[in-house]
Amino acid sequence: MKIATWNINGVKARIETALTWLKESSPDVVCLQEIKSVDKNFPREAFEDAGYHVETHGQKGFNGVAILSRMPLEDVTRRLPGNPHDEQARYIEATVSTDSGAVRIACLYLPNGNPLASEKFDYKLAWMQRLENRVQELIADEMPLVVAGDFNVIPMPQDAKRPDAWTNDALFQPESRTAFRRLITLGMTDAIRATTPEPETYTFWDYQAGAWQKNDGIRIDHMLLSPEAADRLEAAGIDKQTRGWEKPSDHVPVWIELAV
DNA sequence: ATGCCTTGTCGCACAAGA
């Protein structure tokens, strides 16, 4: 099963690009972030015509996540537990079943958290604590688990072309990195880190200042696998070429192949 | 330096992103 994650930065602006990529990359399941659309305006038919079931959790203007799947999506849940007052659409979970087993898939758009020392940074850290709690619960279920999305965390200095440029950014704060590391400590495997020894492996390049041309990127889109999922990991990759296409998202797709 | 781009918004500039 090929599972991918992609922050598309606006589904309506990216629909043609997304359909081209789906045809080229042929994933079975796709986690989308920053759809920037309410559910009723999501271009569901375009993806259904491409052969995918669609589940969305959108909001107006910002944020918003969705899961596409060639197989039916079961037990869909929206919202990250732990704060009933949180109105931001950043999390959706579903189960995908095949003849050889089922996989639980969590699709997330973790808060950016800038600027530092603001409510936004506190919200990011609180959100990461809620995520840790949820992942702990899901791991205990022992169904293969994939937690995929835009984590807005640069885990290590080697995950940025210019780590010094991110010193005062929420994406690279010790608190953000520690919270990410706690997910690893729970038993989750960073799929790209586990399979890709090459340096300068990034998933985001800013639109500004020629970041793409200079390969001035960061790795912030991740796929974390529970032990049961990691045991089935066959391959992982980054569809970097999409950043060079017409009208690109500033993020590129990350994918894994699981033996299920 | 703070903007450099890009998207969405009941646009005629602004917020938010990272």
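The model shown is predicted, which means the values in this text are computed figures rather than measured ones. In the text below, chain A, chain B and the rest are named by the order of the sequence lines, each starting its count at 1.
Side-chain atoms of Asp169(A) and base atoms of dA18(B) include no donor and acceptor less than 3.5 Å apart.
Spacing between dT7(B) and dA18(B) at atom P, rounded to whole Å, works out to 14 Å. Between dC4(B) and dT9(B), the distance separating the two C1' atoms is 23 Å to the nearest Å. Separation of the P atoms belonging to dG3(B) and dC14(B) is 12 Å when rounded to the nearest angstrom. Comparing dG8(B) with dT2(B), their C1' atoms are spaced 23 Å from each other, to the whole Å. With C1' as the reference atom, dG17(B) and dC12(B) are 23 Å apart, rounded to whole Å. With C1' as the reference atom, dT6(B) and dA1(B) are 22 Å apart, rounded to whole Å. Nucleotides dC5(B) and dC10(B) are separated by 24 Å at their C1' atoms, to the nearest Å.
Protein atom CZ of Arg243(A) is 12 Å distant from nucleotide atom P of dC5(B), rounded to whole Å. Atom CZ of Phe121(A) and atom C1' of dA18(B) are 14 Å apart (whole Å). As a whole-Å value, the separation of Ile218(A) CD1 from dG17(B) C1' is 11 Å. One atom, NZ of Lys214(A), and another, C1' of dC4(B), lie 10 Å apart when rounded to the nearest Å. With rounding to whole Å, Ile8(A) atom CD1 is found 13 Å from dA18(B) atom P. Between Phe62(A) atom CZ and dA18(B) atom C1' the separation is 15 Å, expressed in whole Å. Atom NE2 of His251(A) and atom P of dT7(B) are 13 Å apart (whole Å). Atom CD of Glu34(A) is separated from atom P of dT7(B) by 11 Å (rounded to the nearest Å).
With dG8(B), dG17(B), dA18(B) as the candidates, the nucleotide lying closest to the side chain of Lys12(A) is dG8(B).
The CG atom of Asp221(A) lies 10.5 Å from the CE atom of Met223(A); values are rounded to the nearest 0.5 Å.
The residues Arg130(A) and Asp86(A) are annotated as salt-bridged, a charged nitrogen and a carboxylate oxygen being separated by less than 4.0 angstrom. Between Arg181(A) and Asp190(A), none of the side-chain N atoms (NZ, or NE/NH1/NH2) sits under 4.0 Å from a carboxylate O, so this pair counts as no salt bridge.
Not one side-chain nitrogen or oxygen of Lys36(A) sits closer than 4.0 Å to the OP1 or OP2 atom of dT6(B). Phosphate contact (OP1/OP2 of dC10(B), side-chain N/O of Lys60(A), threshold under 4.0 Å): present. Distances shown here put a side-chain N or O of Asn7(A) below 4.0 Å from the OP1 or OP2 atom of dA18(B). Not one side-chain nitrogen or oxygen of Asn9(A) sits closer than 4.0 Å to the OP1 or OP2 atom of dT7(B). Here Tyr207(A) does not reach the OP1 or OP2 of dG3(B): none of its side-chain N or O atoms lies under 4.0 Å away. Distances shorter than 4.0 Å separate none of the side-chain N or O atoms of Asn114(A) from OP1 or OP2 on dA18(B). Note on Arg14(A): every side-chain N or O is 4.0 Å or more away from OP1 and OP2 of dT6(B).
Across all strands shown, Lys124(A) has no heavy atoms under 4.0 Å from either base or sugar-phosphate atoms. Note on Asp250(A): nothing from the nucleic acid sits closer than 4.0 angstrom, heavy atoms only. Note on Ala13(A): only backbone sugar-phosphate atoms sit closer than 4.0 angstrom, heavy atoms only; bases stay farther off. Among the protein residues, Phe151(A) comes within range of no part of the nucleic acid, since none of its heavy atoms lies under 4.0 Å from any strand. Across all strands, Asp221(A) comes closer than 4.0 Å to no nucleic acid atom at all (heavy-atom distances).
Of the residues Thr5(A), Asn7(A), Asn63(A), Asn9(A), the one that meets the side chain to side chain donor-acceptor pair (under 3.5 Å) test with Gln33(A) is Thr5(A).
Of the two residues near DNA chain B, Ile220(A) and Gly10(A), the one whose nearest nucleotide lies more 5' is Gly10(A). Judged by closest nucleotide on DNA chain B, Gly210(A) is the one of Gly210(A) and Asp150(A) placed further toward the 5' end.
Using bins of under 30°, 30° to 60° and over 60° for the plane-to-plane angle, the ring pair Phe180(A)/Phe151(A) lands in the perpendicular bin.
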List the atom pairs, donor and acceptor, that lie under 3.5 Å between side-chain atoms in residues 15-23 of chain A and the rest of the protein, sequence neighbours left out.
unit_1	atom_1	unit_2	atom_2	d
Thr20(A)	OG1	Glu16(A)	O	3.0
Trp21(A)	NE1	Asp239(A)	OD2	2.8

Met156(A) and Arg177(A): side-chain contact (heavy atoms from CB on, under 4.5 Å), yes or no, with the steps? CA-CA 8 Å; Met156(A) 300 281 280; Arg177(A) 294 173 58 195; 4.2 Å; yes
